[in-house]
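Comments concern the structure below.
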Amino acid sequence: MRSELLKGHLDMLVLAALRSEPAHGYRVVERLRVLSEGEFALPEGTVYPALHRLEREGLLRSRRTSHQGRTRRVYSVTGAGEQALVGKRTEWERFTAGIARTLVAAG
Amino acid sequence: MSPGPDPIEAYLAELAQTLGRFSRGRRRLLAEAEDHLHEAADRHRETGASQHDAELAAVAQLGPPGIVAAADPRRRLVIAMLGGAALTAVAATAAVLAAARSHDALGMIGSGQLVPPSIARDLGPARPIPPDARIDATARLVTGATYALVTYRSRGWRCEATFIIGPSGLAATHGLGGSSSCLPPGAPFPPVDLGVESGSTQGVVLAGTAPLAADGVLVTTASGRVRMFPLPHIALYSDPARQAVIVDRSAAHIRRVAHVALRFG
């Protein structure tokens with residue numbers, strides 16, 4: 001999928017990628033790649049503004065860990081994040097359904 | 001041939017410089033980027049890549065430092081004040097200008113806005129365009145009447161915004177991230193050209209195909225370093241001598257490079 005289209009929905013995708021279990025940034029990117037079957041190809045650094053933004057909004061929390069001598073920050077979805085994901089998913093489904101209806105009606 | 005400098009080290013130095021000494025999230029972002037790069041390089045080494053090549057690939061995948069640095073709250077605040085908050089106000093102008101530039105698309109652009117709540121939140125509160133703002137460039141629909149690009153200036157700052165135009169009007173926006181939204185007074189402003197129309201004043205578009213179909217551009221610089229410039233931040237031209245020119249909007253300067261490889265998604 002084109003990067004431009006993907007950007008507006010990155011928050012929802014990051015929340016979805018973290019829903020099953022906590023992960024650090026690289027793992028989030030990996031999950032997005034696997035879950036989308038390679039469809040999403042944003043520069044990997046794009047995930048960090050999203051992670052930090054979501055944490056500031058209380059939708060994610062993070063804790064610092066150590067891995068092989070390196071500092072690692074692991075993110076997890078908060079209760080508010082779970083609720084937000086449900087809302088974003090509903091919003092997305094309505095939005096895409098509306099687009100699809102319009103395109104079909106326009107022929 | 002010399003393998004060149006340590007790519008991860010060089011990248012982190014550039015990221016540190018991009019963030020500035022007084023960035024609130026500097027230490028955390030640098031640590032996260034370092035961990036990310038080393039893990040990515042580890043994966044590449046597992047496939048047989050040399051240490052240097054593995055690091056180059058990891059750096060290219062992470063993208064320009066400006067993308068990571070956009071996570072810094074202070075930088076985001078500046079972006080919001082100078083660029084993002086104005087996008088809502090500019091949106092209607094973008095749609096009108098875009099329609100004027102593409103007769104085929106007139107029927108597709110309505111007056112109503114269809115902005116999902118999350119997008120509206122990203123845009124921030126609507127503000128009027130400053131009285132001295134002047135739309136000084138173009139809005140252009142490209143790739144199937146989907147995108148519009150507007151540049152404008154206000155109080156010496158030059159800004160640009162890109163919009164996705166849906167069947168019912170403004171559907172979504174992008175280009176909010178990164179520091180390319182606005183440039184300060186006096187900064188050289190790169191020519192704006194999404195590269196779809198050939199024969200522009202900037203020259204003929206490279207490769208003869210729509211560069212917007214690509215994810216980004218992998219660039220090997222004279223020092224042997226590989227960097228990837230994602231498309232929201234770059235434009236591609238070739239000058240009359242057909243030398244490749246990459247305009248890196250995030251850095252507000254023009255790079256001439258010896259080798260350009262398009263990576264198509």
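Residue numbers begin at 1 in each chain, while the letters A, B, ... track the order of the sequences. Just so you know, these numbers come straight off a predicted model, no measurement behind them.
Between B/R28 and A/E55 there is a salt bridge, since at least one side-chain N of the basic residue sits less than 4.0 Å from a carboxylate O of the acidic one.
Looking only at side-chain heavy atoms (C-beta outward), B/H38 and A/Q68 stay at 4.5 Å or farther from each other. By the 4.5 Å heavy-atom criterion applied to side chains, A/T71 and B/R27 are not counted as neighbours. The shortest distance between side-chain heavy atoms of B/E39 and A/H67 does not fall below 4.5 Å.
Closest heavy-atom contact between A/G45 and B/V68: CA-CG2, 3.7 Å.
The side chain to side chain donor-acceptor pair (under 3.5 Å) search around A/R70 returns B/D35, not counting sequence neighbours. For A/Y75, there are no ring-ring contact (aromatic ring centres under 6.0 Å, His included) partners, not counting sequence neighbours.
For B/Q17, the CD atom sits in a loose shell: 12 or fewer heavy atoms of surrounding residues, nucleotides or ligands are nearer than 6.0 Å. Residue-environment remark: CD (A/E82) exceeds the threshold of 12 foreign heavy atoms within 6.0 Å.
Listed options A/E30, A/R27, A/M12 were ranked by heavy-atom pairs under 4.5 angstrom with chain B; first place goes to A/E30.
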